[in-house]
Visitor: 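Before I ask anything, let me first share the structure, which is written out below as structure tokens.
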Amino acid sequence: MTINMTRRAFTMAGLSALATPALIRPAFASGGKVVAATFPGSWEDAYRSIVGPMVKDAGFDLTVAPSLAQDQIARLMASPGQPPYDALLVSPGQSDILIQEGLIEKIDPTRLKNWDKLSPAAQNEWGPYVTIEVNGIAYNPEVVDKPAGYKALFEDPQYEGNLALIGFGSNTATMAYTEINKAYGGTYDNMQPVFDLLEAYLPKIGAIATSGSNQMTMYQQGEIAVFMASTGNVAKLRELGMPCEFAHPETGSPSVPVAIHLVKGASNPEGVYAYMDAAIDAAAQTQLAEPPTAMIPTNVDVPYSEVVSQFVTPEQVANAVYPDWQAINKHRAEWTETFDRLVVR
């Protein structure tokens, strides 16, 4: 089954190679442990400090296991009979693979007391959407002007030497490249325009980053002043005291919902439901909407926080660009290889 997101799906609602150490799963105890894969960095910290205590109040101990989305899939596929996680945290590109591979289960919404508090668009049969990530361009206003869109990054000389790029292992980069490709006449089945553009621009590039975290570090160190980013990246840099602004591309902001999934064969399904319920609870989403995470809420009782509202409005979220992840997954490995060949020349 395909997870579909329409342009106005969130009107009502108001991120490779294995880079982290292999996870050693703690033994399941009668006290009720649940192991949840979570994105590294601010997600990991927030879910441990905000969601964890709420899960504990429900009678379970939450073990937060930081892992990039692609790595979560790799580890599941490496241990199909003994999954290292009970729950996953991923975006539709990975969800589609997980569904096709039979690695996750549909949920029973009646087991979530907060289900009816979700925007209808966030009520997904494979697990609730806990936020939506809106992507665009992060830039340093003390170094460069606000970019009008993706094309400007490659056509305006002021961005030469200031722009960092990253490979197709990043969801943010992949969405940006598909939008750039469309702007130059390409399609999902013809990515050549963007590769021609990248090849011609490489001599003018500021840096090729190895990961989203690497881009953030480069920005902090003043090595770059522009990169494709999510609103959360910008909120984090601001929290660290960096001058950073967010630009919505004129062609629309590529966006993805983020879901919690129940792993097939999970040793603690009850704990997963408690974890899901905590993550979509109004109290948790209110805190998660504040810096440094600045997550867009999917619980209809939670308004956009002041910091989220600085970057995006409900109307902009409703009119964002939601990519076709089945089409992307069909070509993503090929695109990754082509990009890697270009940058290692």
Side-chain angles (χ1 to χ4, degrees), residues 7 15 133-188 190-209 211-212 214-238 242-256 310-313 315-324 328 335 338-339 342-343:
R7 279 178 168 268
L15 106 223
E133 289 193 341
V134 175
N135 294 273
I137 304 166
Y139 69 99
N140 187 330
E142 297 181 359
V143 179
V144 295
D145 295 334
K146 179 179 180 178
Y150 291 128
K151 290 183 71 174
L153 299 180
F154 299 91
E155 297 177 355
D156 189 330
Q158 70 172 303
Y159 303 113
E160 293 179 8
N162 287 310
L163 173 65
L165 295 178
I166 193 171
F168 281 84
S170 160
N171 283 346
T172 295
T174 297
M175 290 188 291
Y177 291 141
T178 57
E179 288 303 299
I180 294 167
N181 191 56
K182 285 193 294 184
Y184 285 92
T187 65
Y188 287 118
N190 175 23
M191 204 71 166
Q192 195 57 45
V194 81
F195 289 125
D196 290 342
L197 176 70
L198 292 175
E199 184 173 20
Y201 193 79
L202 281 176
K204 306 173 185 177
I205 202 71
I208 298 293
S211 67
N214 185 213
Q215 285 182 313
M216 300 273 280
T217 299
M218 289 179 175
Y219 189 96
Q220 289 176 260
Q221 294 175 343
E223 298 174 37
I224 60 170
V226 191
F227 66 101
M228 288 78 162
S230 69
T231 57
N233 295 143
V234 178
K236 178 64 175 180
L237 287 167
R238 284 186 175 185
M242 297 296 300
C244 192
E245 299 292 339
F246 182 82
H248 290 272
E250 56 191 357
T251 52
S253 300
S255 301
V256 287
Q310 292 175 12
F311 303 127
V312 64
T313 66
E315 292 73 27
Q316 287 172 316
V317 172
N319 287 287
V321 176
Y322 294 95
D324 181 344
I328 288 173
W335 295 343
T338 302
F339 180 89
L342 283 177
V343 300

Visitor: Taking Glu179 for its side chain and Ala176 for its backbone only, find out whether a donor-acceptor pair lies under 3.5 Å.
Guide: no
Visitor: Please name all residues satisfying side-chain hydrogen bond (donor to acceptor under 3.5 Å, both in side chains) with Glu223, sequence neighbours left out, ordered by chain then number.
Guide: none
Visitor: Which residues pass the ring pair (Phe, Tyr, Trp, His ring centres under 6.0 Å) test with Phe227, sequence neighbours left out?
Guide: Tyr219
Visitor: Given side-chain contact (heavy atoms from CB on, under 4.5 Å), test Phe195 with Trp335 step by step and report yes or no.
Guide: CA-CA 9 Å; Phe195 289 125; Trp335 295 343; 4.0 Å; yes
Visitor: Is a side-chain N or O of Asn181 found less than 3.5 angstrom from the main chain of Thr187, in a donor-acceptor match?
Guide: yes
Visitor: Can you say whether the rings of Tyr201 and Phe154 are parallel (under 30°), tilted (30 to 60°) or perpendicular (over 60°)?
Guide: perpendicular
Visitor: Identify the two heavy atoms, one from Gln316 and one from Phe311, that lie closest to each other, and give their separation to 0.1 Å.
Guide: OE1-O, 3.9 Å
Visitor: Can a donor-acceptor pair be found, under 3.5 Å and without considering hydrogens, that links the side chain of Thr174 to the backbone of Phe168?
Guide: yes
Visitor: Please step through side-chain contact (heavy atoms from CB on, under 4.5 Å) for the pair Ile208 and Leu202, ending with a clear verdict.
Guide: CA-CA 9 Å; Ile208 298 293; Leu202 281 176; 4.1 Å; yes
Visitor: Stepwise, does the side-chain contact (heavy atoms from CB on, under 4.5 Å) test hold for Met175 with Val321?
Guide: CA-CA 9 Å; Met175 290 188 291; Val321 176; over 6 Å; no
Visitor: Is it true that a side-chain atom of Tyr159 and a backbone atom of Val226 form a donor plus acceptor pair closer than 3.5 Å?
Guide: no
Visitor: With distance as the sole criterion, is a donor-acceptor pair present between the side chains of Ser230 and Asn233 under 3.5 Å?
Guide: yes
Visitor: Going by atom types only, do Asn319 and Glu315 share a side-chain donor-acceptor pair under 3.5 Å?
Guide: no
Visitor: Under 3.5 Å, side-chain donor or acceptor atoms of residues 134-151 against the rest of the protein: list the pairs with distances, not counting sequence neighbours.
Guide:
from   : atom 1 : to     : atom 2 : distance (Å)
Asn135 : OD1    : Thr172 : OG1    : 2.8
Asn135 : ND2    : Pro254 : O      : 3.2
Asn140 : OD1    : Glu142 : N      : 2.9

